[in-house]
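Side chains included, hydrogens not; waters and symmetry mates left out as well; all remaining heavy atoms used. Predicted, not measured: the structure shown is a model, and the values here were computed from it.
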Amino acid sequence: MTGTTKGTKSKASKVSRGRALRAAALAGCVALALSACGSTKDDNAGSAGGGGGDGKGKVGVILPLLTSPFWQSYNDYVPKMAKSEGVDALKTVNSNSDPSQQITDINNQLNQGVKGLVVAPLDSAAIAAGLDQAERKGVPVVAVDVAPEKGKVAMVVRANNVAYGQKACEYLGRQVKSGKVVQIMGDLASVNGRDRSKAFRDCVKQKYPKLKVLEIPAKWESDTAASKLDTLLNANPDIKGIYMQAGGVYLAPTLQTLKSKGMLKKAGAAGHITIVSNDGIPQEFDAIRKGQIDATVSQPADSYAKYGMYYIKAAMEGKTFKPGPTDHDSTIVKLPNGILEDQLPAPLVTKDNVDDPKLWGNTVK
């Protein structure tokens with residue numbers, strides 16, 4: 001039809017005005033919803049605007065491995081923190097350092113009908129397959145310790161891993177003025193391994209150019225660390241410093257390797273190799289007290305469990321958050337991929353503060 005009557009025009013005009021009013025109302029609702037999308041303080045989180053749940057239901061908790069004292073401690077904290085945060089957490093599942101198994105574990109938990117998942121990803125990229133499955137089923141996920149490269153998570157609970165590498169570099173740089181230092185790296189398929197490695201390397205280059213960095217890719221594996229360190233020390237017996245990116249898996253093999261070569265000297269003694277670790281487990285604290293190692297960065301296993309539970313409950317209630325400081329001495333930041341990460345404090349521990357009762361490593365056996 002090419003023409004229209006006046007009455008039809010009037011009716012069309014009314015319809016148009018009605019549509020415009022509805023559009024304006026919808027825009028207003030969206031604006032209201034967005035204004036309530038969280039807070040820089042976690043205790044003021046608002047509704048996501050999409051009809052939150054009641055926070056009830058089973059929560060699956062998936063571990064990356066249990067061969068490290070760090071993850072053993074985290075595993076012990078999970079049921080305690082779940083109870084304190086009012087979360088009905090299932091018995092933890094151990095993926096045994098296998099990224100493929102971790103995806104299977106996620107699917108198994110989803111098939112059991114969990115309403116939320118707290119996952120410590122093994123592989124920053126591979127975890128996306130599991131996150132996609134959870135999103136399809138409408139199950140929120142909180143990532144602990146490792147930030148995924150892709151996929152939807154309600155929050156990443158993690159410390160600043162770049163700061164780990166920088167703190168280790170700066171400590172070694174103050175103690176060792178020149179010569180060779182080693183960093184025993186984690187798995188470079190993990191953002192944690194990449195962040196710590198690059199931060200340490202870049203810091204040495206910028207601030208301590210008289211240090212030469214030798215690297216051991218060890219994939220969070222103690223046997224790999226031991227064999228490669230043994231080979232490296234054979235070729236470089238003049239090593240002056242070591243940065244272990246994960247004391248939970250590297251402490252024992254590193255000390256044993258040094259001891260077998262007669263290179264484990266007490267701090268202050270001639271020939272002592274300055275060692276900085278990363279985790280904050282009781283075994284590292286004991287090694288600091290004995291003078292076997294010099295420092296460690298305390299990665300907060302207790303807070304990982306606590307805020308993993310806190311954020312999954314919040315997500316199940318439909319709450320969201322925004323970047324900014326929290327009320328628990330941390331800062332929520334937006335990562336380049338748009339995911340939010342709560343960066344928890346991770347202090348450097350030396351002989352000066354190793355007995356601080358506030359450190360989680362001093363609260364466990």
Side-chain angles (χ1 to χ4, degrees), residues 67-74 76-77 159-161 163-177 179-186 192 196 199-200 203-204 208 211 216 218 220 222 225-226 229 233 239-304 344-365:
T67 52
S68 161
F70 176 84
W71 288 110
Q72 291 164 6
S73 295
Y74 171 81
D76 290 341
Y77 278 121
N160 185 343
N161 279 245
Y164 290 175
Q166 290 172 339
K167 288 178 182 180
C169 156
E170 289 168 0
Y171 185 87
L172 276 178
R174 290 193 298 267
Q175 307 300 317
V176 181
K177 302 307 179 184
K180 300 173 185 176
V181 296
V182 181
Q183 68 161 333
I184 306 177
M185 301 186 292
N192 288 5
R196 297 176 200 183
F200 183 82
C203 170
V204 169
Y208 308 103
L211 296 181
I216 296 175
W220 314 125
S222 58
L229 179 60
L233 290 174
I239 290 297
K240 293 184 178 180
I242 298 175
Y243 168 39
M244 304 182 296
Q245 290 188 7
V249 288
Y250 299 153
L251 177 66
T254 296
L255 295 182
Q256 183 57 43
T257 300
L258 292 175
K259 184 178 180 180
S260 70
K261 293 181 172 298
M263 299 175 71
L264 185 60
K265 308 291 185 181
K266 191 173 181 179
H272 171 70
I273 295 174
T274 302
I275 301 176
V276 184
S277 191
N278 199 127
D279 268 350
I281 58 176
Q283 292 89 335
E284 288 170 310
F285 290 2
D286 288 343
I288 290 173
R289 295 182 184 106
K290 293 175 182 176
Q292 295 174 326
I293 73 172
D294 301 82
T296 186
V297 180
S298 180
Q299 186 169 223
D302 54 345
S303 294
Y304 278 6
L344 301 171
L348 182 73
V349 181
T350 68
K351 63 181 180 180
D352 294 331
N353 63 338
V354 69
D355 294 320
D356 186 344
K358 294 180 182 178
L359 294 167
W360 73 266
N362 285 325
T363 67
V364 297
K365 295 181 180 179

Name all residues meeting the salt bridge (charged side-chain N to carboxylate O under 4.0 Å, His left out) criterion together with K261; count only those two or more places apart in sequence or in a different chain, and write none if there are none. D230
D279 CG to E284 CD distance, which is reported to the nearest 0.5 Å: 5.0 Å
List the atom of W360, the atom of Q299, and the distance in Å for their closest heavy-atom pair. NE1-O, 2.7 Å
Between atom CD1 of I293 and atom CG of L251, what is the distance when rounded to the nearest 0.5 Å? 5.5 Å
Is it the case that the side chain of N362 and the backbone of D356 share a donor-acceptor pair, with hydrogens and angles ignored and the cut-off at 3.5 Å? yes
Taking C-beta and beyond as the side chain, do L258 and I242 meet within less than 4.5 Å on heavy atoms? yes
ring-ring contact (aromatic ring centres under 6.0 Å, His included) pairs, two or more places apart, involving residues 240-294: F200-Y243
Residue pair Q183 / Q245, side-chain heavy-atom distance below 4.5 Å: yes
Any side-chain to backbone donor/acceptor pair from Y304 onto A159? Under 3.5 Å, distance only. yes
Which value, rounded to the nearest 0.5 Å, describes the distance between L359 atom CG and T296 atom OG1? 10.0 Å
Please report the closest heavy-atom contact between G165 and A199, naming both atoms and the distance. CA-CB, 4.0 Å
From I288 atom CD1 to S277 atom OG, the distance as rounded to the nearest 0.5 Å: 8.0 Å
Exercise answer: donor-acceptor pairs, residues 344-353 side-chain atoms, under 3.5 Å, sequence neighbours excluded:
from : atom 1 : to   : atom 2 : distance (Å)
T350 : OG1    : D352 : N      : 3.2
N353 : OD1    : T350 : N      : 2.7
N353 : ND2    : L348 : O      : 3.1

Identify the heavy atoms of Y164 and P300 that sit nearest to each other, and give their distance. OH-CD, 4.2 Å
Separation between OG of S303 and OH of Y74, rounded to the nearest 0.5 Å: 11.5 Å
In this structure, CD1 of I275 is separated from CD1 of I184 (nearest 0.5 Å) by 8.0 Å
Atom of A226, atom of P253 and distance for their closest heavy-atom approach: CB-CB, 3.7 Å
Is any side-chain heavy atom of K177 closer than 4.5 Å to one of Y208? no
Who are the side chain to side chain contact (heavy atoms under 4.5 Å, CB included) partners of Q175, not counting sequence neighbours? Y171, T274
Non-neighbouring partners of K180 that pass salt bridge (charged side-chain N to carboxylate O under 4.0 Å, His left out), sequence neighbours left out: D238
Counting C-beta onward and ignoring hydrogens, is there a side-chain heavy-atom pair between V364 and Y77 closer than 4.5 Å? yes
What pairs with R289 under salt bridge (charged side-chain N to carboxylate O under 4.0 Å, His left out), at least two apart in sequence or on another chain? D286, D355
Are any non-hydrogen side-chain atoms of Q292 and L264 less than 4.5 angstrom apart? yes
T363 vs D302, side-chain contact (heavy atoms from CB on, under 4.5 Å): CA-CA, chis, key distance, verdict: CA-CA 10 Å; T363 67; D302 54 345; 5.8 Å; no
